[in-house]
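Shown next, in structure tokens, is the structure this report addresses.
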2 protein chains.
Amino acid sequence: MGMGRPRCFDITEAVDRAMEVFWAKGYDGASIAELTRAMGINSPSLYAAFGSKEGLFRAVLDRYSDQRVQFLEDALNEPTARGAASSLLATAARLYAEENDNRGCLLVQGGLTCGCTSIPEELAKRREKVEIALRDRFAKAIEEGDLNGHANPASLARYVISVLTGMGIQATGGASRAELDEIAEIAMQVFPESKEDQFSGAMIAKNSAAIPKP
Amino acid sequence: MGMGRPRCFDITEAVDRAMEVFWAKGYDGASIAELTRAMGINSPSLYAAFGSKEGLFRAVLDRYSDQRVQFLEDALNEPTARGAASSLLATAARLYAEENDNRGCLLVQGGLTCGCTSIPEELAKRREKVEIALRDRFAKAIEEGDLNGHANPASLARYVISVLTGMGIQATGGASRAELDEIAEIAMQVFPESKEDQFSGAMIAKNSAAIPKP
DNA sequence: CTACATTTGTATCGATCATTACAAATGTAG
DNA sequence: CTACATTTGTAATGATCGATACAAATGTAG
């Protein structure tokens with residue numbers, strides 16, 4: 001009993017080509033014809049390998065996560081909460097501007113809205129994962145005394161993620177690296193710069209710093 | 001010579017119904033069949049009134065702008081830059097959460113990505129209008145001494161718009177009114193609360209307030 | 001009432017959508 | 001070399017896409 005004819009194309013490379021199409025056109029806007037053309041294969045090969053258009057899209061999302069997870073981990077491993085947020089936003093600014101033709105974030109561009117509901121839901125779930133990871137990092141920072149105890153880790157994470165996704169949409173509109181960096185820099189001003197500042201008293205609260213002081 | 005058979009449906013009401021579909025499904029995801037069903041008309045009536053699917057979408061966008069422009073003007077007419085930004089973000093939080101089934105902003109949901117390029121471009125153009133209006137408001141605030149002269153109106157506007165659109169996407173994911181309010185509140189912490197604070201010296205710069213001080 | 005202009009509903013257009021039958025091609029295992 | 005398992009390219013599936021042809025319906029103007 002033989003093992004069958006071997007596959008003529010590289011799965012990972014095909015997924016990368018498909019990613020570009022989904023990224024630029026969105027799930028609904030990306031047709032099988034355009035996908036197969038970009039992947040350099042015929043539709044039966046696509047369906048044999050991925051089952052359906054949605055299956056291919058999920059493979060693309062997994063690949064995207066694999067590519068991004070290192071940046072997220074690096075950011076979360078920063079010694080301070082401020083460092084984590086700063087790293088996240090700075091990296092985003094760099095990737096959004098440099099990566100490819102102003103596509104922003106695939107987890108947004110891929111299908112914020114859609115004919116069916118499952119794709120937007122799937123994307124929201126994946127975006128939420130990042131938000132939760134960041135929230136947990138902030139919670140840990142509070143435990144460690146790195147963030148003020150009155151800070152709300154969940155709200156702070158939602159804020160940073162909001163800026164992050166907002167920057168992605170700015171990138172879609174053609175914002176430059178410098179412009180994205182400036183957004184990130186302004187956004188980071190809600191984080192006190194150091195521990196000393198954090199406990200320097202009433203003046204900070206008066207100036208409406210990001211984190212409520214005791 | 002007669003004036004022809006009068007139209008049996010109300011244009012504005014039909015546009016409102018179409019808006020709901022485009023808002024929830026996006027441009028690509030909204031089919032003519034679903035649009036006409038929601039509008040309560042047949043496709044020839046749609047094409048007679050709007051010319052094409054894209055024509056209908058543009059009518060929807062115009063209607064959306066008409067509905068929103070008052071909120072924007074109210075925000076820009078606030079006496080201070082801080083008040084303008086705060087009003088914008090607070091109103092957004094309210095609308096995003098209360099309005100309808102967590103749809104976020106039509107200028108994003110409607111077609112951030114698309115099979116064709118013209119829709120995303122059109123939406124980006126309309127979003128940029130808001131950004132420009134806000135930037136001009138900040139520039140005016142600087143002239144009036146309401147904002148520190150070293151502040152960059154364009155960057156500040158991009159920041160606020162980023163948070164705004166980010167909040168819209170959070171709303172899509174099901175964020176509550178309270179959660180959106182908290183995002184807005186944190187985002188506002190980059191704006192000094194009053195003129196006195198603005199010129200209270202080195203302490204503020206040390207605490208990384210939003211606006212650079214002289 | 002007649003002539004005209006426009007909308008209406010029905011029914012359909014070709015194009016494209018995602019998906020798949022099918023047979024030739026191509027590998028491995030015995 | 002033979003038998004088998006899988007992929008390949010070709011071609012086509014029914015469904016749905018956006019957009020219309022057409023004639024009946026319905027109004028106004030004279």
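We name chains A, B, ... by the order of the sequence lines, and we start the count at 1 in each one.
- Atom pair B/Arg7:CZ and D/dT28:C1' shows a separation of 16 Å (rounding to whole Å applied).
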Listing, residues 72-81 of chain B side-chain donor-acceptor contacts under 3.5 Å, not counting sequence neighbours, or none:
residue	atom	partner	partner atom	Å
B/Asp74	OD1	B/Gln70	NE2	3.0
B/Asn77	ND2	B/Glu73	O	3.2
B/Thr80	OG1	B/Gly83	N	2.8

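- Each of B/Ser52 and B/Pro6 was assigned the nucleotide of DNA chain D with the nearest heavy atom; the assignment lying further toward the 5' end belongs to B/Ser52.
- DNA chain D contains the following stems of three or more consecutive Watson-Crick or G-U pairs, with both distances under 3.5 Å: C:1-30 with D:1-30.
- Residues satisfying the side-chain contact (heavy atoms from CB on, under 4.5 Å) criterion with A/Leu61, sequence neighbours excluded, are A/Phe57, A/Leu106, A/Leu107, A/Glu122, A/Leu123, A/Arg126.
- Judged by distance alone with a 3.5 Å cut-off, a donor-acceptor contact links the side chain of B/Arg5 to the base of D/dA25.
- The salt bridge (charged side-chain N to carboxylate O under 4.0 Å, His left out) test applied to A/Lys140 returns A/Glu144, not counting sequence neighbours.
- With rounding to whole Å, A/Met3 atom CE is found 16 Å from D/dA3 atom C1'.
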Residues 161-173 of chain B, side-chain donor-acceptor partners within the protein, below 3.5 Å, at least two apart:
residue	atom	partner	partner atom	Å
B/Ser162	OG	B/Arg158	O	2.9
B/Thr165	OG1	B/Ile161	O	3.1
B/Thr165	OG1	B/Ser162	O	3.1
B/Gln170	NE2	A/Glu131	OE1	3.1
B/Thr172	OG1	B/Gln109	NE2	2.6
B/Thr172	OG1	B/Gly168	O	3.1

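- The backbone N or O of A/Pro44 sits nowhere less than 3.5 Å from a side-chain atom of A/Asn42 that would complete a donor-acceptor pair.
- Under the side-chain contact (heavy atoms from CB on, under 4.5 Å) criterion, A/Leu95 pairs with A/Arg68, A/Phe71, A/Thr91, A/Glu99, not counting sequence neighbours.
- Shown here are the side-chain contact (heavy atoms from CB on, under 4.5 Å) partners of A/Ile11, two or more places apart in sequence or in another chain: A/Arg7, A/Phe9, A/Val15, A/Ala49, A/Phe50.
- Take A/Arg63 and apply the salt bridge (charged side-chain N to carboxylate O under 4.0 Å, His left out) test, not counting sequence neighbours, and it matches A/Asp16.
- In the region residues 8-24 of chain A, proximity to DNA chain C at under 4.0 angstrom, judged on heavy atoms, holds for none of the residues.
- By the side-chain contact (heavy atoms from CB on, under 4.5 Å) test, A/Cys116 pairs with A/Cys114, A/Ser118, A/Ile119, sequence neighbours left out.
- For the pair B/Glu54 CD and D/dA19 P, the computed distance is 9 Å after rounding to whole Å.
- By the 4.0 Å N-to-carboxylate-O rule, A/Arg177 lies close enough to A/Asp181 to be salt-bridged with it.
- If you measure from atom OH of A/Tyr47 to atom C1' of C/dT20, you get 9 Å, rounded to the nearest angstrom.
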For residues 18-27 of chain A, which side-chain donor-acceptor pairs fall under 3.5 Å, sequence neighbours excluded?
residue	atom	partner	partner atom	Å
A/Glu20	OE2	A/Arg17	NE	3.4
A/Glu20	OE2	A/Arg17	NH2	3.3
A/Trp23	NE1	A/Arg103	O	3.4
A/Trp23	NE1	A/Gly104	O	3.2
A/Lys25	NZ	A/Glu34	OE1	3.2
A/Lys25	NZ	A/Glu34	OE2	2.9
A/Tyr27	OH	A/Glu54	N	3.3

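- Between the NZ atom of A/Lys53 and the P atom of C/dA18 there is a distance of 4 Å, given to the nearest Å.
- Near DNA chain D, meaning a heavy atom under 4.0 Å from it, residues 25-45 of chain B has B/Ala30, B/Ser31, B/Ile32, B/Ser43, B/Pro44 in order of number.
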